[in-house]
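These notes are about the structure you will find just below.
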Amino acid sequence: MDLGIRGKRALVCGASKGLGRGCAEALAEAGVDLVLNARGAEALEQTAEAIRKAHGVKVLTAAGDITASEARAGVIAAAGRIDILVTNAGGPPPGLWSDWSRDDFIRALDANTLTPIALMQTFLPGMIERGWGRVINITSQSVKAPLAALGLSNTARTGLTGFVAGTSRQVAKHGVTINNLLPGSHATDRSIALAEAAARAQGITVAEVERRGAASIPVGRYGTPQEFGAMCAFLCSAHAGFIVGQNILLDGGAVNATI
Ligand code: NAP
């Protein structure tokens, strides 16, 4: 299927690895030129070069911590005109509800609520003016079904979800859609780090944590960044203009809910 977005320009944050990279690859395959962000410049440039070679699109890099206001300003300046925005950054660390301080919550809210909101506030006006735009926020399955050890994530991502629910309905008449993608367990560096933490906490091996994790998912495995990216590219496509303010769960059926 031709996604109808060849020649559009996308900023993909957290794009050197994992789910962000999956989104960048799928958008590039659809002919979208990219501005890629991550903190580590070396891995970011390697990803950019791999995408240029594979898909022949223009790929700029803008290294920096997207959750830090000064670095974010640099990324925004480098990005210029953007038709498609994919917000993403690392998730908050796991822990216990009683251990988190006010500062821990502020950090989580800054990274996973206020950063995507700031990016939307920056790029939505241009999209509205041009009459077309797509925003995808990578959030988490924890928005629909809380993960007890990820209380900081549960809190911060639910706040973003509320912002998107209202804002998406305000901008839709301008041809601009905002939707959230909710990953369940995917095979990325992040899921390995979480498995390592769980292995330490439970006194079992990382392989055993992963085996139990996969067994708890109806499809019997973790998702891939490619599957995730394909959904992102479709939501950014010309065909997805009627999909507004949705929270799309990609979890292999792990959340046991009728709706
Ligand atoms: P990942 O494999 O660790 O990749 C994260 C990417 O984001 C890397 O490119 C990383 O590069 C970049 N990044 C991290 N912090 C950043 C920051 N502050 N500024 C700019 N770039 C940053 O993680 P992932 O699995 O793709 O996860 C992506 C998001 O989905 C996270 O928020 C995670 O919590 C959420 N999620 C993932 C899963 C899963 O199973 N994988 C499940 C639920 C939710 P640098 O480190 O070089 O910056």
Side-chain angles (χ1 to χ4, degrees), residues 11-26 34-48 50-51 61-76 78-79 86-94 107-116 118-119 136-147 149-158 160-161 180-198 209-210 213-214 216-217 221-229 231-232 247-252 254-255:
L11 169 61
V12 185
C13 303
S16 64
K17 299 178 200 162
L19 305 179
R21 177 171 178 163
C23 294
E25 299 256 10
L34 299 172
V35 182
L36 301 184
N37 157 259
R39 290 165 304 181
E42 201 177 318
L44 185 63
E45 192 43 53
Q46 281 170 7
T47 296
I51 293 177
T61 57
D65 183 345
I66 201 67
T67 69
S69 51
E70 214 171 296
R72 184 165 60 247
V75 174
I76 289 167
V86 180
T87 77
N88 179 35
R107 265 193 296 278
L109 291 168
D110 245 340
N112 296 109
T113 314
L114 300 177
T115 292
L119 288 165
I136 304 295
N137 299 294
I138 300 180
T139 65
S140 174
Q141 157 185 331
S142 70
V143 171
K144 291 232 178 189
L147 299 165
L150 292 176
L152 291 173
S153 173
N154 299 340
T155 306
R157 298 193 195 274
T158 310
L160 173 63
T161 306
N180 301 322
L181 283 180
L182 282 53
S185 296
H186 283 72
T188 66
D189 287 3
R190 162 84 174 166
S191 63
I192 293 168
L194 289 175
E196 284 169 353
V209 171
E210 288 177 341
S216 72
I217 301 171
R221 63 172 177 85
Y222 283 22
T224 69
Q226 290 75 19
E227 290 169 311
F228 191 88
M231 176 54 91
C232 174
N247 290 283
I248 299 182
L249 191 57
L250 293 102
D251 71 339
V255 172

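Just the heavy atoms: all of them, side chains too, but no hydrogens, waters or symmetry mates, feed the values below. Counting begins at 1 with the first residue of the sequence. Order of appearance sets the numbers: ligands from 1, and atoms from 1 within every ligand. Everything quoted here is computed from the prediction, not taken from an experiment.
- At least one N or O atom of Gly90, backbone or side chain, sits closer than 3.5 Å to an N or O atom of ligand 1.
- Checking Asn137 against Thr87 by side-chain atom types alone, a donor-acceptor pair falls below 3.5 Å.
- Residue Cys13 places no heavy atom under 4.0 Å from ligand 1.
- In terms of N/O distances under 3.5 Å, ligand 1 is approached by Ile66.
- Which parts of ligand 1 touch Ile138 is read off a 4.0 Å heavy-atom cut-off, strictly below it: atoms 30 (O).
- Protein heavy atom at the shortest distance from atom 7 (O) of ligand 1 is Gly14 CA, 3.1 Å.
- Taking atom 28 (C) of ligand 1 as the reference point, the nearest protein heavy-atom neighbour is Asn88 OD1, 3.3 Å.
- Side-chain contact between Pro183 and Ile138 is present, with at least one heavy-atom pair separated by less than 4.5 Å.
- Close N/O approach between Arg190 and ligand 1 is found [any backbone or side-chain N/O within under 3.5 Å].
- In this structure, atom 14 (C) of ligand 1 has protein heavy atoms in its sub-4.0 angstrom surroundings.
- Short contacts between ligand 1 and Asp65, defined as distances under 4.0 Å to a heavy atom of the residue, involve ligand atoms 17 (C), 18 (N), 19 (N).
- To the nearest 0.5 Å, atoms CZ (Arg39) and SG (Cys13) are separated by 12.5 Å.
- Checked against salt bridge (Lys or Arg N to Asp or Glu O under 4.0 Å), Glu196 has no partners two or more places apart in sequence or in another chain.
- Near Leu19, meaning under 4.0 Å from one of its heavy atoms, ligand 1 places the atoms 26 (O), 30 (O), 37 (C).
- Every atom of ligand 1 with a heavy atom of Ser185 under 4.0 Å away is listed here by number and element: 40 (O).
- Within the listing of ligand 1, atoms 31 (C), 32 (O), 34 (O) sit less than 4.0 angstrom from a heavy atom of Gly91.
- Each of the following atoms of ligand 1 lies closer than 4.0 Å to a heavy atom of Thr139: 35 (C), 44 (C).
- Residue Ser140 places no N or O, backbone or side chain, under 3.5 Å from any N or O of ligand 1.
- The distance from ligand 1 to the heavy atoms of Ser16 drops below 4.0 Å at these ligand atoms: 8 (C), 9 (O), 11 (O).
- Those atoms of ligand 1 that come under 4.0 Å of a heavy atom in Gly64, given as number and element, are 19 (N), 20 (C).
- For ligand 1, one of its N or O atoms has an N or O atom of Arg157 under 3.5 Å away.
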